[in-house]
Amino acid sequence: MSDANRLLKVEAQMNAMAHAWLTLVAALETESGFDAAGLQRSLLKRRWPDRPDLNTEARESLRWLCDQLDESRATRQTPEH
């Protein structure tokens, strides 16, 4: 498998995991009253001090996930939903 194919596969897997995580958290929030805001605060504080080479990208990914969850919540709270 070429490096480009491997990278595409990892990207696809990460997108699938992000989608699954967002779906799970949204379901917990709507069906059981789970406080996703607390989870988001915790995730936004997360650091990888032993892996500075990963820290920036990992934190950006968590920030993106939290933003997506905020957007999902805002959409669910609109009168159409």
Side-chain angles (χ1 to χ4, degrees):
M1 181 181 289
S2 72
D3 286 345
N5 286 343
R6 231 176 277 141
L7 184 58
L8 182 60
K9 184 176 181 176
V10 169
E11 186 175 353
Q13 290 169 337
M14 290 303 300
N15 278 305
M17 292 300 295
H19 182 77
W21 183 85
L22 289 166
T23 301
L24 174 63
V25 173
L28 287 171
E29 193 172 34
T30 58
E31 295 174 15
S32 68
F34 176 74
D35 177 24
L39 173 64
Q40 287 176 263
R41 284 190 300 276
S42 176
L43 290 173
L44 292 172
K45 292 178 186 176
R46 179 69 169 98
R47 304 289 186 273
W48 286 262
D50 295 337
R51 291 296 309 266
D53 56 323
L54 299 179
N55 196 54
T56 300
E57 288 300 323
R59 292 191 65 228
E60 182 59 33
S61 294
L62 288 177
R63 191 174 5 268
W64 178 85
L65 280 170
C66 290
D67 289 346
Q68 294 300 303
L69 190 55
D70 284 338
E71 287 182 30
S72 175
R73 185 181 305 111
T75 299
R76 286 193 311 273
Q77 293 173 350
T78 62
E80 302 87 57
H81 289 87

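All values below come from the heavy atoms of this structure, side chains included, with hydrogens, waters and symmetry mates left out.
- Taking 4.5 Å as the limit, every side-chain heavy atom of Val10 sits out of range of all side-chain heavy atoms of Arg6.
- Side chains of Val25 and Leu39 form a contact here, defined as non-hydrogen atoms less than 4.5 Å apart.
- Gln13 CD: more than 12 foreign heavy atoms inside a 6.0 Å radius.
- Taking the side chain as every heavy atom from C-beta outward, Trp48 and Asp53 never approach each other to under 4.5 Å.
- A donor-acceptor pair shorter than 3.5 Å cannot be found between the side chains of Arg46 and Ser42.
- Taking each heavy atom of Arg76 and Thr30 in turn, the nearest pair found is NE-CG2, 3.1 Å.
- Between Leu22 and Ser72, the closest side-chain pair of non-hydrogen atoms is not below 4.5 Å.
- Between Gln40 and Cys66, the closest heavy-atom pair is NE2-O, 3.1 Å.
- Taking each heavy atom of Arg73 and Ala37 in turn, the nearest pair found is NH2-N, 4.3 Å.
- Evaluation of the side chain to side chain contact (heavy atoms under 4.5 Å, CB included) rule for Ser32 yields Leu28, Phe34 as partners, not counting sequence neighbours.
- Proximity of a side-chain donor or acceptor of Asn15 to a complementary backbone N or O of Glu11 within less than 3.5 Å is detected.
- The nearest pair of heavy atoms linking Leu69 to Glu29 is CD1-OE1, 4.4 Å.
- Note that NE2 of His19 and CG of Leu24 are 11.5 Å apart. Values are rounded to the nearest 0.5 Å.
- Under the salt bridge (charged side-chain N to carboxylate O under 4.0 Å, His left out) criterion, Arg47 pairs with no residue, sequence neighbours left out.
- At a threshold of 4.5 Å between non-hydrogen side-chain atoms, the residues Arg41 and Asp35 count as touching.
- When hydrophobic clusters are built by joining Ile, Leu, Val, Met, Phe, Trp and Tyr residues whose side-chain heavy atoms come closer than 4.5 Å, directly or via intermediates, Met14 is not grouped with Leu62.
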